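Every chain is numbered from 1, with letters handed out A, B, ... down the list of sequences. A quick note: this is a predicted structure, and the numbers were derived from the prediction, not measured. Atom set for the values below is all heavy atoms of this structure, side chains included, hydrogens, waters and symmetry mates excluded.
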Amino acid sequence: MLEVKNLNVSVDGNKILNGIDFTVKAGEVHAIMGPNGSGKSTFAQTLAGHSAYDVDEEKSSVSFLGQDLLEMPPEERARLGLFLAFQYPVEIPGISNSYFLKAAVNEIRTSRGLEELDAMDFADLLKEKMELINVDPSFADRFVNFGFSGGEKKRNEILQLAMMEPRLAILDETDSGLDIDALRIVSEGINKLRTENRAFIVVTHYQRLLDHIVPDFVHVLHKGRIVKSGGKELALELEEKGYDWLREEEPATA
Amino acid sequence: MVSPSEKLETAKYEGSRVEQSNQRAAEAADREYKHGWSTDIDSETIPVGLNEDVIRLISSKKEEPEWLLEWRLKAYAGWKRLNGEEPTWAKVNYTKPDFQAISYYSAPKEKKELKSLDEVDPEILATFEKLGIPLNEQKRLSGVAVDAVFDSVSVITTHKDILAKRGIIFCSMSEAIRDHPELVKKYMGSIVPQGDNFYAALNSAVFTDGSFVYIPKNTKCPMDLSTYFRINQENTGQFERTLIIADEGSQVNYLEGCTAPMRDENQLHAAVVEIVALKGATVRYSTVQNWYAGDADGKGGIYNFVTKRGRCDDNARISWTQVETGSAVTWKYPSCILKGDNSVGEFYSVALTNNHQQADTGTKMIHLGKNTKSTVISKTISAGKSDSSYRGLIQVMPKATNSRSYTQCDSLLIGNKCGAHTFPYINVRNHSSSVEHEASTSKISEDQLFYCQSRGICQEDAISLVVNGFCKEVFDHLPMEFAVEASNLLSLSLEGSVG
């Protein structure tokens, strides 16, 4: 589904990602871990198409569902089925969540040759998804992320994920800023959205999220490279040892 | 690594994307100024130029009473004394109109009085139909009565009979002068005096038509009233006058829309609107202004120099809502004179400028009565190389004790070649009143756009989404259909604002 080859990315001339190779198949859950500044969020935002990240297009290639992802503006990536749950969801005052979601869902539907949902059908779908992932009905009428608490913002991202039904969902530090209860609720929501067709990339700093969302693969990112990959037990190992050992092993991997 | 089923799905996506991009291209072409066409119609247009004879000619063509001709001539004398000195305090820059190069009267040739819609020139009916304003009463515009003004004259007013049953008068200004002279004489010029300002004086001398509304005591107007202004003829100006009288305890909603063909020359629109809200009356006046704004290089477009003012007696309320997206230059300050105790004035405004458009707009709230209240919400959006200013006066007079005023001015900038300015004037002359003023300026953020894009919404739609959100407080005060139209207009006007 997703194939990343030798991804090289810089921001304002500073190299952040130094050749990432990474493959995701349908139904898989990949966790990307690593210390602060290792390039985790850059990786997530680059896949979604943020223009602040300069991809070295000569070296890098990213194919998603057989298409060249790097060629596409962000909205086309989304329409193709890529979703990014933001670490810092953005506020849009004056626009209700339901209006925003309706616009998004219908963009995606039209791009797939489906008819737009009318107001009634959309309301039904929204209600169903809100119940599924257990968010308060008031979310529909509130302005997009405006005045939301940190936890509410993250849950709103998961609601959007549920509505947009992507093929690949990238969760960028969805656990940051959540207390234990909120973390559990958000994780339950995500687990309900796991399907055979849908893959997840879970970017996180801490192992605790992975207690709830059990990954198939864990990758450790350090200085813009994947320095170690393994199964879910790798996350536990990291929890125990911290990230310091990376610095010791650094000369060997570099 | 791509499975066969994935390949199939991908192909499907790709096909529909091509379709969609075709559709988008078609939409984009469609998004130019939609109302830029003109109607080929046999018009009677008097030669350009302005002098006393021209005013006499207009007056005689309209078969006006003597008192009105004198009124006009007095206004003209006052205007002449100003010696061509237009107001210069607004933050706008434009080539002054040549007042001798304008024709002050242009009317579709149709001498006899129209008894019914069947007698209206089909070309004109088609024109309004094309603008989305069906005048045919069978296609009743969701319960809205319309006065259609084409160049200098009102061509038809719909639903008159239904309204007349309740004693409501809704007709063209010309008819009102003929049929209700006592009301016109009493109120015309009572709110905006002939010599009020340069353009009001000009309008008073040469106005040709407009709408007239009278709502009787304790009557709630059963439908929204609206006037649609269309400038068609070349080298003409439109100088209409609207007078709304809401008698004691009455209520009315009034809507105004305007468009003009795309022409390379600037055309002048100098209107006067007067509202009289007697004791306990409520008048809501909404405008969606979409005059031709000129092309992307700033060539052509309407000069929109308008004086709008209302007076509130005791316990009365006047609420102005305006969405200004068109015109090359806008100079407009719908105001309220809060004369009566406990009266309320409101001003809700969205002004959007793009390309080379300029707008200097705002309001004046003059508190004279006790316990008077005013609210001003202004949203200014500047894109392209445009320049937009809010200019507002809050004046609280010594006897206006315990009055309150709240102003909120927000500006949103799109790109880095545009400007937004706020010029608040506050003058409070007693100690028991309170005046609040809040202002903010922000730029549309990259993060907001990326967020929308990552949800499948393209950049242009994302901008219009954010702008619509920014304007919500004002749109909430518009009637439903107008709010939809306003929101669509914003998207159109923002076309090409991202580089």
Region of B:Tyr451 in contact with chain A, defined by heavy-atom distances below 4.5 Å: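 Answer is both: backbone and side chain atoms of B:Tyr451 are under 4.5 Å from chain A.
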
Region of B:Cys471 in contact with chain A, defined by heavy-atom distances below 4.5 Å: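 Contact with chain A is absent: no heavy atom of B:Cys471 under 4.5 Å.
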
Straight-line distance of [X] [atom1] to [Y] [atom2], nearest 0.5 Å:
X	Y	atom1	atom2	value
A:Ile92	B:Leu449	CD1	CG	9.0 Å
B:Gln453	A:Glu76	CD	CD	10.5 Å
B:Lys472	A:Ser96	NZ	OG	8.0 Å
A:Tyr99	B:Leu465	OH	CG	6.0 Å
A:Glu75	B:Asp461	CD	CG	9.0 Å

Need one label for [X]: side chain, backbone, both or neither, based on atoms under 4.5 Å from any heavy atom in chain B.
X	answer
A:Val105	neither
A:Glu91	backbone
A:Phe146	neither
A:Pro89	both

Using a 6.0 Å cut-off, check whether atom [atom1] of [X] has over 12 heavy atoms from anything other than its own residue.
X	atom1	result
A:Tyr88	OH	no
A:Lys192	NZ	yes
B:Arg404	CZ	no
A:Asp118	CG	yes

Test item: B:Arg455 side-chain N/O and A:Ala104 main-chain N/O as donor-acceptor pair under 3.5 Å: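 No, the answer is negative, given that no donor and acceptor are paired below the 3.5 Å cut-off.
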
Test item: B:Ser454 and A:Leu82 side chains (from C-beta on) under 4.5 Å apart, heavy atoms: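 Side-chain contact under 4.5 Å: no.
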
Flag side-chain contact, heavy atom, 4.5 Å: B:Asp447 against A:His50: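 Yes, at least one pair of side-chain atoms sits under 4.5 Å.
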
Winner by heavy-atom pair count (cut-off under 4.5 Å) against chain B, out of A:Gly49, A:Pro166, A:Pro74: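 Option with the greatest count: A:Pro74.
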
Partner residues of A:Asp21 under the salt bridge (Lys or Arg N to Asp or Glu O under 4.0 Å) criterion, sequence neighbours left out: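 For A:Asp21 there are no salt bridge (Lys or Arg N to Asp or Glu O under 4.0 Å) partners, ignoring immediate neighbours.
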
A:Val90 versus B:Gln448, closest heavy-atom pair with distance: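 Closest approach of A:Val90 to B:Gln448: CG1-CG, 3.5 Å.
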
Centroid-centroid distance, A:Phe86 to B:Phe450, less than 6.0 Å: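 A:Phe86 vs B:Phe450: aromatic centres under 6.0 Å.
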
